[in-house]
Novice: 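Please find one structure pasted underneath; my questions will follow.
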Number of protein chains: 2
Amino acid sequence: MQINSHPGELTMINIISQPRIRNDTMDTLSSRIQNGDVPAVCRSCEARHGGVCSALTPAQLVELSKHSSRRTIDAGTEFIGQGESISSYSNILKGVVKLSKVMADGRQQIVGLQFAPDFMGRPFLGESRMAAEAAIDTEICVFPRRAIERLIAETPGLEHLLHSQALKELDEARDWMLTLGRKTAQEKVASFLALIASHSDPEAEEKSMFELPLSRADIADFLGLTIETVSRQMTKLRKEGIIQIENNRHVTVPDLGRLVAAAGND
Amino acid sequence: MQINSHPGELTMINIISQPRIRNDTMDTLSSRIQNGDVPAVCRSCEARHGGVCSALTPAQLVELSKHSSRRTIDAGTEFIGQGESISSYSNILKGVVKLSKVMADGRQQIVGLQFAPDFMGRPFLGESRMAAEAAIDTEICVFPRRAIERLIAETPGLEHLLHSQALKELDEARDWMLTLGRKTAQEKVASFLALIASHSDPEAEEKSMFELPLSRADIADFLGLTIETVSRQMTKLRKEGIIQIENNRHVTVPDLGRLVAAAGND
DNA sequence: CGGGTGTTTGAAGCCAATCAAGAGTTGTGG
DNA sequence: CCACAACTCTTGATTGGCTTCAAACACCCG
């Protein structure tokens, strides 16, 4: 099937216009590669194994890498706006991205966090239903929309991978609905800490240490609470000995079991 | 980097051919086919056009229909339990199904509503992460797990369809996260009514009438509220003239615009 | 040092939950 | 057809948890 039958104006990638994003092209690198080889830029990429690129052949990687570019996004930079047209997809190489929705009066809800090597973008939809913002300094690999959609059409394995990720995100979203709808403030905060712990240290059984990727304000927006309530509940968990906090962001969990129990997860 | 350097599409085209190409009436299609006629049970099925079966060839339908069966489920009957192993998938032919999660202490949250002709099931996962219960009397068409997974593997169009539905459900789940996390009780109830109105009468511009498929208790579990609060907010909306209620379940919305505004949706 | 930002803590207020009772609806059986 | 029970929904009174308002504290960087 032909994909790009009607050439027209490209809707602008707004991240390009943001001053704080650096962007180095890969063309020089990929042009040196012989056909069939994995592009040099991809070789060192963590996302190539867990991410969408793992479904691609070396030849497809070469082709895709010609049109893709890495970007570094500083913490706090919004790189996709709610309602904005989507002209690119990307893989997260490093960092954490928050997906959020805002109401007309400014109330905000974070509806998802994405970590490396997640794929970002909403296939088959022209316009983003939420904003994407780097929670901490983040690196992404950006692909033009058309290139990805062509690859999806010709690579069933890729669609399967994206389908699986969509289902995983759906599971996570529904888990979070239970948290938002039915848990107390303390359980919400504990749930959030347990979520971050499981991402920064998936193997850990008992003890865990990590840097919070989100500010108190972000945590509040993720949990449907206010900053003050988040702070109070963190203090409460600290006083109960379930967590230790240093420098606001550094958290130690001596006993994950107690944290999970405080989160209300069986 | 140059900003407007690439040619591109102006309008977003769904690159994979949608199976609704087969929209020419089934009579002509099946009369053209000798060996692979559409099974009699499928011919009258509404779900065959909008649901997963629309991605299948007549031959595949014949094969699948040999292993599938219709089932009628009375309102209030739970037919998949949380944590239960999944041995089948199904299409909703008629009715409404609620998907819910419960906590150890009994707190419950409805995380999704499914209407005809939605596909139900969680592909690629052995065990259900939530319970499924008929909200009203419901009919489903049940397929064995193996049969569907085989079809997915050999029919890219089917995986695409399921992928699209998963993305749609993900969008809906995230919309609902905003409702759960950031809206007031009144906005929540109005959001729920607007949701039901849009499902029972997708065309309606101004006025809408429908039967609520959920009891007050269910609505409360969907909105993260208590029965009493739901009842009070319904009364409030009624007294404000935004809705009319008869026999508890029958709702009339004279002005959808006012309802949507009360729901806090721009 | 001083301004800026982010976090914590305190006091007061409010929205939704809880507790409690009454009203309406449905179904059953005499 | 009515009586009665069981259930659902509504309404009222009170409580409590989270928000709001306010101020102090901590950290960073010029």
Side-chain angles (χ1 to χ4, degrees), chain A residues 74-77 98 103 105-109 133 135-137 179-193 211-240 243-251 262 264, chain B residues 74-76 98 103 105-109 135-137 179-193 211-240 243-251 262 264:
Chain A
D74 290 340
T77 304
K98 38 184 227 220
M103 293 174 64
D105 61 6
R107 279 175 287 177
Q108 191 168 42
Q109 176 68 46
E133 180 183 327
I136 54 178
D137 291 351
T179 299
L180 288 174
R182 288 304 186 197
K183 290 189 182 176
T184 65
Q186 170 145 13
E187 288 169 333
K188 285 180 175 183
V189 171
S191 296
F192 168 73
L193 294 170
E211 292 292 313
L212 288 177
L214 267 56
S215 67
R216 299 291 187 273
D218 287 338
I219 298 171
D221 280 343
F222 194 30
L223 295 170
L225 299 171
T226 59
I227 302 177
E228 296 94 325
T229 300
V230 171
S231 177
R232 277 184 250 271
Q233 297 304 330
M234 297 266 282
T235 303
K236 199 148 163 263
L237 288 171
R238 183 167 50 74
K239 287 184 176 164
E240 288 169 2
I243 57 170
Q244 289 143 28
I245 307 176
E246 289 151 42
N247 294 330
N248 286 335
R249 292 277 187 127
H250 187 80
V251 174
Chain B
D74 291 341
K98 38 184 229 222
M103 293 174 64
D105 60 6
R107 279 176 286 177
Q108 191 168 40
Q109 175 69 45
I136 55 178
D137 291 353
T179 299
L180 288 174
R182 288 304 185 197
K183 289 188 182 176
T184 65
Q186 169 142 12
E187 288 169 332
K188 284 179 174 182
V189 171
S191 296
F192 169 74
L193 294 170
E211 292 291 314
L212 289 177
L214 266 55
S215 69
R216 299 292 187 274
D218 287 338
I219 298 171
D221 280 343
F222 194 30
L223 295 170
L225 299 170
T226 59
I227 301 176
E228 295 94 323
T229 299
V230 170
S231 178
R232 275 185 252 271
Q233 298 303 331
M234 297 268 282
T235 303
K236 197 148 163 263
L237 288 170
R238 183 168 49 73
K239 286 183 176 163
E240 289 169 1
I243 57 170
Q244 289 143 27
I245 307 176
E246 288 152 42
N247 294 328
N248 287 335
R249 291 276 188 128
H250 187 82
V251 174

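All values derive from a computational prediction rather than experimental measurement. Residue numbers begin at 1 in each chain, while the letters A, B, ... track the order of the sequences. Basis for what follows: all heavy atoms, side chains included, without hydrogens, waters or symmetry-related copies.
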Novice: Are B:Ser231 and D:dC9 close enough that a side-chain N or O sits under 4.0 Å from OP1 or OP2?
Specialist: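 Result: no.
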Novice: What contact category does A:Thr229 fall into here, base, sugar-phosphate, or nothing, at under 4.0 angstrom with non-hydrogen atoms?
Specialist: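 Base, at least one base heavy atom under 4.0 Å.
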Novice: If I take atom NZ in residue A:Lys188 and atom P in nucleotide D:dG17, what distance separates them, rounded to the nearest angstrom?
Specialist: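 These atoms are roughly 14 Å apart.
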Novice: So, do B:Leu225 and B:Arg232 sit near enough that their side-chain heavy atoms are less than 4.5 Å apart?
Specialist: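 Counting from C-beta outward, B:Leu225 and B:Arg232 never come under 4.5 Å.
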Novice: Going by heavy atoms in the side chains, are A:Gln233 and A:Thr184 under 4.5 Å from each other?
Specialist: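 Counting from C-beta outward, A:Gln233 and A:Thr184 never come under 4.5 Å.
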Novice: B:Leu214 has an atom CG; how far is it from atom P of D:dT8, in whole Å?
Specialist: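 Value for this atom pair: 13 Å.
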Novice: Provide, to the nearest angstrom, the distance between the CD1 atom belonging to A:Ile227 and the C1' atom belonging to D:dT19.
Specialist: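 Atom-to-atom, A:Ile227 to D:dT19, this comes out as 12 Å.
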Novice: Quick check: on DNA chain D, is the nucleotide nearest A:Gly224 upstream (toward 5') of the one nearest A:Asn247, or the reverse? Name the residue that is more 5'.
Specialist: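 Nearest nucleotide further toward 5': that of A:Gly224.
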Novice: For B:Ile245 and B:Arg216, which heavy atoms make the closest approach, and how far apart are they?
Specialist: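 Looking at all heavy atoms of both residues, the shortest contact is CG2-NH2, 4.4 Å.
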Novice: Distance criterion of 3.5 Å, no angle test: do you see the side chain of B:Glu228 paired donor-to-acceptor with the base of C:dC19?
Specialist: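 It does, because a donor-acceptor pair links the side chain of B:Glu228 to the base of C:dC19 below 3.5 Å.
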Novice: Side chain of B:Arg232, heavy atoms from C-beta onward: which of C:dT9, D:dC18, D:dA13 has the nearest atom to it?
Specialist: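 Between C:dT9, D:dC18, D:dA13, the one nearest the side chain of B:Arg232 would be D:dA13.
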Novice: How many Å lie between CZ on A:Arg182 and P on C:dA17, as a whole number?
Specialist: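 Computing the A:Arg182:CZ to C:dA17:P distance gives 8 Å.
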Novice: Could you state the atom-to-atom distance from CG of B:Leu225 to P of C:dT18 in whole Å?
Specialist: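 B:Leu225 atom CG is separated from C:dT18 atom P by 11 Å.
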Novice: Nearest of D:dG12, C:dT7, D:dC18 to any side-chain atom of A:Gln233?
Specialist: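 Of the candidates, D:dC18 comes closest.
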Novice: Examine distances only and state if a side-chain atom of A:Ser231 and a backbone atom of A:Ile227 form a donor-acceptor pair shorter than 3.5 Å.
Specialist: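 Pair absent, no side-chain N/O of A:Ser231 close to backbone of A:Ile227.
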Novice: Side chain of A:Arg249: nearest nucleotide among C:dT7, D:dT11, C:dA16?
Specialist: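 Minimum distance to the A:Arg249 side chain belongs to C:dT7.
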Novice: Report the distance from atom CG of B:Leu237 to atom C1' of D:dT11, rounded to the nearest whole Å.
Specialist: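 Computing the B:Leu237:CG to D:dT11:C1' distance gives 16 Å.
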Novice: In this structure, how many angstroms lie between the C1' atom of C:dT9 and the NZ atom of A:Lys236, rounded?
Specialist: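 Interatomic distance, NZ of A:Lys236 to C1' of C:dT9: 15 Å.
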Novice: Of the listed nucleotides (D:dT20, C:dT18, D:dT10), which one gets closest to any side-chain atom of B:Arg216?
Specialist: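 Selected nucleotide: D:dT10.
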Novice: Check B:Ile136, B:Asp218, B:Ile219 against B:Pro213 for a side-chain contact (heavy atoms from CB on, under 4.5 Å) and give me the one that passes.
Specialist: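 Answer to the side-chain contact (heavy atoms from CB on, under 4.5 Å) test with B:Pro213 among B:Ile136, B:Asp218, B:Ile219: B:Ile136.
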Novice: Expressed as a whole number of angstroms, how long is the span from B:Asn248:CG to D:dT10:P?
Specialist: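 Roughly 5 Å, once rounded to whole Å.
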Novice: Name the closest nucleotide to the B:Arg238 side chain, picking from C:dT8, C:dA17, D:dT11.
Specialist: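 Closest nucleotide among those given: D:dT11.
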Novice: Check the phosphate of D:dG17 against A:Thr184, side-chain N and O only, distance under 4.0 Å to OP1 or OP2. Yes or no?
Specialist: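 False: A:Thr184 side-chain N/O out of range (4.0 Å or more) of D:dG17 OP1/OP2.
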Novice: Any idea which of D:dT10, C:dA16, C:dT18 is nearest the B:Thr226 side chain?
Specialist: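 From the listed options, C:dT18 comes nearest.
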Novice: Take A:Val230 and B:Ser215, find for each the nucleotide of DNA chain D with the closest heavy atom, and name the residue whose nucleotide sits nearer the 5' end.
Specialist: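 The residue whose closest nucleotide sits nearer the 5' end is B:Ser215.
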